[in-house]
Amino acid sequence: MRLIRNLKRRAELYDAIDRGELGFPDALRLLRRCIGKTQTEYAELAGLSPRILKEIEQGRGNPTLKSIRKALKPLGLDITVGRARQ
């Protein structure tokens, strides 16, 4: 039952991202939580320092493109270009 609830939550989260309702920091934090990882665990999985991950999730700092791609890789995501929403 928990797996089904997590899959449903993840699907709802992806839908919110597609609708442009979440920014990158919030989406990353919520997706990390969906897979049940702490910041420290996820940072290690992504090959980032916990400090960098924390800054990304809080929308602070100025992460490099490389850091952002590393943060997305464990989730099977990558950066794309799309039209800005008005």
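When a residue number appears, it is its place in the shown sequence, counting from 1.
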So how far is it from [X] [atom1] to [Y] [atom2], rounded to the nearest 0.5 Å?
X	Y	atom1	atom2	answer
I52	R60	CD1	CZ	10.5 Å
E57	Y42	CD	OH	9.0 Å
K73	D78	NZ	CG	9.5 Å
I56	K70	CD1	NZ	10.5 Å
L65	I79	CG	CD1	4.5 Å
L22	Y14	CG	OH	12.0 Å

On a heavy-atom basis, which atom in [X] and which in [Y] lie closest, and how many Å separate them?
X	Y	answer
A71	A46	CA-CB, 4.2 Å
L13	A27	CD2-O, 4.4 Å
P63	S67	CB-CB, 4.3 Å

Residue pair [X] / [Y], side-chain heavy-atom distance below 4.5 Å:
X	Y	answer
C34	R9	yes
I68	L28	no
L72	L31	no

- Message: Can you confirm whether more than 12 heavy atoms, excluding those of E44, are under 6.0 Å from its CD atom?
- Response: no
- Message: Can you tell whether the side chains of R32 and E41 come within less than 4.0 Å, N to carboxylate O?
- Response: no
